[in-house]
Amino acid sequence: MSIDYGIEWAYGEFRIAKFKGDQIVQSWKSPTPVNDLASLSEAMHQATHHVDVSRGGSVAIAYEDDLHPHEFIEIPPLSRRDLNKYLQRHVETNKGFDGAAAWRAHPVDRAGVSGVLLHLMPKYVLDAVMRICEEFYLLPKLMVPLTEVMSEFVPSLEVETENALLLVALFDDRTQMLVSSDDGEILFVRELSYPWEPSSNERLIVDINRTIGYAKQRIGGAITQAWVIGENAEFANASLNERVDATMTFEPRAADPDFWL
């Protein structure tokens, strides 16, 4: 799929880039948080002063928000039709917001873990993002959670064993932890309501170690490797490394400001 532009809208961070082939030729990050659809529209307007969108083109969007949860659900063997009915009922009962939901489920089957990872978001957000992009002559081709980006990235890591691994993704206002198989299958996701910074370092150590312990019980295998991802990954890794119950690695490629794009 050929894509002309990429957008990252994650936990209030907004960044847009223009591609030429597989290279970023222009990019811009909003200096202020983009927390709702009104500020998204304003950010897109401001972006036109920094990134050339005058000819329009296709766009892929990586999206995360507090209204975009990722839930692992254990499910017995079902036909595709029965599974869709089951998940639709689950979504309607547990969505946690008004109005219709947009959702997608990925099968998970590893070492005693059998079910789906359910991605969920309000449909009005999806519709509005598409409309706002189209106002600037950008045609949305793909909108994915960051877990999908990580699924593609994990196989490129130098994993020493076939055990599951932990990814700690740092954002301006949030921290996301993902437990993944070595081939990139995301097993479950945990979202923390605070970012990494020196004052939250001890709190994050506790949450990482709790997640490692939970994962060991859940998937029946120890997590021995972890990666820190984000612009502050190098500094965070230096503070966390000796205190976490796994070998923690700073990933330089994922510290690039345009990584999610």
Side-chain angles (χ1 to χ4, degrees), residues 10-11 64 66 68-77 87 90 94 103-120 144-171 174-196 200-230 232-233 236-251 253-255 259-260:
Y11 303 117
E64 285 292 344
D66 292 339
H68 186 26
H70 313 279
E71 178 187 5
F72 172 74
I73 308 171
E74 289 193 49
I75 295 178
L87 291 174
H90 180 88
N94 299 280
W103 60 273
R104 185 176 181 179
H106 282 184
V108 173
D109 187 7
R110 178 185 169 92
V113 178
S114 182
V116 299
L117 185 65
L118 178 68
H119 307 296
L120 179 66
V144 298
L146 298 188
T147 55
E148 299 293 325
V149 181
M150 296 314 303
S151 287
E152 297 292 327
F153 181 67
V154 166
S156 72
L157 296 172
E158 295 183 2
V159 180
E160 296 175 357
T161 70
E162 294 184 356
N163 290 336
L165 54 97
L166 175 67
L167 305 161
V168 182
L170 310 178
F171 299 94
R174 295 287 191 277
T175 303
Q176 186 183 72
M177 290 191 286
L178 306 93
V179 174
S180 169
S181 66
D182 59 307
D183 62 0
E185 183 180 68
I186 302 299
L187 304 178
F188 63 85
V189 181
R190 185 180 178 197
E191 294 164 307
L192 306 179
S193 62
Y194 61 89
W196 174 85
S200 65
N201 196 65
E202 295 298 319
R203 184 181 180 187
L204 183 55
I205 289 168
V206 171
D207 277 322
I208 291 174
N209 286 335
R210 284 177 175 170
T211 301
I212 291 172
Y214 173 80
K216 182 178 181 179
Q217 294 178 344
R218 189 71 174 179
I219 65 177
I223 290 179
T224 59
Q225 292 180 277
W227 276 265
V228 191
I229 292 163
N232 291 319
N237 184 62
S239 297
L240 299 169
N241 197 12
E242 299 299 324
R243 308 277 303 281
V244 169
D245 298 334
T247 301
M248 184 155 268
T249 304
F250 152 59
E251 176 48 60
R253 289 173 297 164
F259 170 72
W260 295 109

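One-based numbering along the sequence shown.
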Peer 1: Drop me the distance from E148's CD to H106's NE2, to the nearest 0.5 angstrom.
Peer 2: 4.0 Å
Peer 1: Return yes if some donor-acceptor pair links the side-chain N/O of N209 with the main-chain N/O of D245 below 3.5 Å, else return no.
Peer 2: yes
Peer 1: What residues, two or more places apart in sequence or in another chain, satisfy side-chain hydrogen bond (donor to acceptor under 3.5 Å, both in side chains) together with R243?
Peer 2: E202
Peer 1: So, using side chain to side chain contact (heavy atoms under 4.5 Å, CB included) as the criterion, who are the partners of N94 when residues are at least two apart?
Peer 2: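 With neighbours one apart ignored, the set is H90.
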Peer 1: Does R210 have any side chain to side chain contact (heavy atoms under 4.5 Å, CB included) partners at least two apart in sequence or in another chain, and if so, which?
Peer 2: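 R210 satisfies side chain to side chain contact (heavy atoms under 4.5 Å, CB included) with R190, V206, D207 only.
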Peer 1: Does the side chain of R203 reach to within under 4.5 Å of the side chain of L192, using non-hydrogen atoms?
Peer 2: no
Peer 1: Once you round to the nearest 0.5 Å, how far does CG of L187 lie from OG1 of T147?
Peer 2: 11.5 Å
Peer 1: Do you know the tightest heavy-atom contact between A254 and F259?
Peer 2: CA-CD1, 3.5 Å
Peer 1: I need the I223 CD1 to L165 CG distance, nearest 0.5 Å.
Peer 2: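 One gets 7.5 Å once the value is rounded to the nearest 0.5 Å.
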Peer 1: Which heavy atom of E185 sits nearest to which heavy atom of P107, and what is that distance?
Peer 2: OE2-O, 3.5 Å
Peer 1: What is the distance from atom CG of N237 to atom CD of E251, rounded to the nearest 0.5 Å?
Peer 2: 10.5 Å
Peer 1: Run the side-chain hydrogen bond (donor to acceptor under 3.5 Å, both in side chains) test against S156 and tell me which residues pass, sequence neighbours left out.
Peer 2: R253
Peer 1: Ignoring hydrogens, what is the shortest heavy-atom contact between P155 and G184? Give both atom names and the distance.
Peer 2: CD-CA, 4.2 Å
Peer 1: So, does H119 use its side chain to make a donor-acceptor pair with the main chain of P69 at under 3.5 Å?
Peer 2: no
Peer 1: So, do L87 and I73 sit near enough that their side-chain heavy atoms are less than 4.5 Å apart?
Peer 2: yes
Peer 1: For D66, give me all partners under side-chain hydrogen bond (donor to acceptor under 3.5 Å, both in side chains), at least two apart in sequence or on another chain.
Peer 2: R174
Peer 1: Run the side chain to side chain contact (heavy atoms under 4.5 Å, CB included) test against A10 and tell me which residues pass, sequence neighbours left out.
Peer 2: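 Applying side chain to side chain contact (heavy atoms under 4.5 Å, CB included) to A10 gives E8, E64, L146, F171.
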Peer 1: For a side-chain contact (heavy atoms from CB on, under 4.5 Å) with L178, tell me which candidate from V154, I186, I229 qualifies.
Peer 2: I186
Peer 1: How would you list, by chain and number, every residue that makes a ring pair (Phe, Tyr, Trp, His ring centres under 6.0 Å) with F188, sequence neighbours excluded?
Peer 2: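 For F188, the residues satisfying ring pair (Phe, Tyr, Trp, His ring centres under 6.0 Å) (neighbours in sequence not counted) are Y214.
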Peer 1: Give the minimum heavy-atom separation between W260 and A169, together with the two atoms involved.
Peer 2: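 Smallest heavy-atom distance, with atoms named: CZ2-CB, 4.1 Å.
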Peer 1: Once side chain to side chain contact (heavy atoms under 4.5 Å, CB included) is applied, do any residues pair with N232, and if so which ones, sequence neighbours excluded?
Peer 2: L170, W196, F235
Peer 1: Can you name the ring pair (Phe, Tyr, Trp, His ring centres under 6.0 Å) partners of Y194, sequence neighbours left out?
Peer 2: none
Peer 1: Roughly how far apart are M150 CE and L157 CG, rounded to 0.5 Å?
Peer 2: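 The CE atom of M150 sits 7.0 Å away from the CG atom of L157.
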Peer 1: Determine yes or no for a side-chain-to-main-chain donor-acceptor pair under 3.5 angstrom, with S180 supplying the side chain and S151 the backbone.
Peer 2: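 No, because the side chain of S180 does not come within donor-acceptor range (under 3.5 Å) of the backbone of S151.
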Peer 1: How about T249 and Q225: do any of their side-chain heavy atoms sit closer than 4.5 Å?
Peer 2: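 No - every pair of side-chain heavy atoms lies 4.5 Å or more apart.
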Peer 1: If you look at every heavy atom in E158 and W227, which pair is closest and at what distance?
Peer 2: O-CZ2, 3.9 Å
Peer 1: Taking the side chain as every heavy atom from C-beta outward, state whether H70 and E191 have any atom pair closer than 4.5 Å.
Peer 2: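 With C-beta onward as the side chain, the pair touches.
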Peer 1: If I take atom CH2 from residue W103 and atom CG from residue L120, how far apart are they, to the nearest 0.5 angstrom?
Peer 2: 9.5 Å
